[in-house]
Colleague: 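Dumping the structure here so I can ask a few things about it.
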Amino acid sequence: MSRECALATDAAGAAGAGAVAMSRTAEDARKRARDIRDEALAKHAERDRASLVAVRDELAALKTMVAGQQEQLARLTGMIAELTAGFAPNDVQGRTNPSTPRPLSAGKRAALERIRELREQDLSFSRICDIFQAEGFPTLSGQGHWSKGTLWNLWKNHAHQLDMSRP
């Protein structure tokens, strides 16, 4: 072989050895990068496991607390039922049912009946007021004067009670 061929062969061999050394260094770098990544992922996984355990423990504590509150609510509901069982439906602490109107007093009933008679004659509340004053019809309190607003409110709020049976 010629000297030139031998030099070329040596150069090619040296280049190949350098390429092998280069690829080994790159492979080591990739392995180190994988190891670093795997270590970081392992740390994250451990932290996530710890978080899940903490959340699981907190959930168990909340379930226990809710169970205790449900028991307390059941006790309180039972106590309320016991306390209200002694009351009559229309009597809560000595008061009458607010949806049941009080019976009409004699004076209010007389005023309402007279208003009904005059309204059947198509008279206005102003004219009825004048008639009540002229007749000396006593006000509900026995004092003061009738006004058309008072007559209108009396009629509007209590006329329906005239149709109820007398007590």
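Excluded from the calculations below are hydrogen atoms, water molecules and symmetry mates; all remaining heavy atoms, backbone and side chain alike, are included. Note that this is a predicted model, so its numbers are computed, not measured.
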Colleague: First locate atom CZ of Arg109, then atom CD of Gln161, and finally report the distance between them rounded to the nearest 0.5 Å.
Modeller: 8.0 Å
Colleague: Can you name the nearest heavy-atom pair linking Cys129 to Trp146, along with the distance?
Modeller: SG-O, 3.1 Å
Colleague: Show your reasoning for whether salt bridge (charged side-chain N to carboxylate O under 4.0 Å, His left out) applies to Arg34 and Glu27.
Modeller: CA-CA 11 Å; Arg34 279 192 300 268; Glu27 183 62 35; 3.6 Å; yes
Colleague: In the structure I gave you, are the side-chain heavy atoms of Thr150 and Leu140 within less than 4.5 Å of one another anywhere?
Modeller: no
Colleague: Quick check: are there more than 12 heavy atoms from other residues, nucleotides or ligands sitting under 6.0 Å from CE of Met79?
Modeller: no
Colleague: Rounded to the nearest 0.5 Å, how far does CZ of Arg127 lie from CG of Leu151?
Modeller: 13.0 Å
Colleague: What's the spacing between Leu52 CG and Asp57 CG if we round to 0.5 Å?
Modeller: 11.0 Å
Colleague: Could you give the distance from CG (Leu118) to CZ (Arg116), rounded to the nearest 0.5 Å?
Modeller: 11.5 Å
Colleague: Looking at Lys43 and Glu39, does any basic side-chain N land under 4.0 Å from a carboxylate oxygen?
Modeller: yes
Colleague: Side chains of Leu162 and Trp155: closer than 4.5 Å at any heavy-atom pair?
Modeller: yes
Colleague: Would a distance-only check, ignoring hydrogens and angles, find a side-chain to backbone donor-acceptor pair under 3.5 Å from Thr84 to Ile80?
Modeller: yes
Colleague: Does the distance from a Lys or Arg side-chain N to an Asp or Glu carboxylate O, for Arg24 and Asp28, drop under 4.0 Å?
Modeller: no
Colleague: Of all heavy-atom pairs between Arg114 and Phe132, which one has the smallest distance, and what is that distance?
Modeller: CG-CE1, 3.4 Å
Colleague: Which atom pair, heavy atoms only, marks the closest approach of Leu112 to Ala159?
Modeller: CD2-N, 4.3 Å
Colleague: Out of curiosity, Ile128 CD1 to Lys148 NZ, how far, rounded to the nearest 0.5 Å?
Modeller: 12.0 Å
Colleague: Answer whether the closest heavy-atom distance between the side chains of Phe125 and Ile115 falls below 4.5 Å.
Modeller: yes
Colleague: Using a 6.0 Å cut-off, check whether atom CD of Glu135 has over 12 heavy atoms from anything other than its own residue.
Modeller: yes
Colleague: Could you grab the distance from atom CG of Leu104 to atom CG of Leu154, nearest 0.5 Å is fine?
Modeller: 8.5 Å
Colleague: I'd like to check Leu62 versus Met65 (side-chain heavy atoms, cut-off strictly below 4.5 Å). Are they in contact?
Modeller: yes
Colleague: Write down the atom of His160, the atom of Asn157, and the distance for their closest heavy-atom approach.
Modeller: CE1-O, 3.1 Å
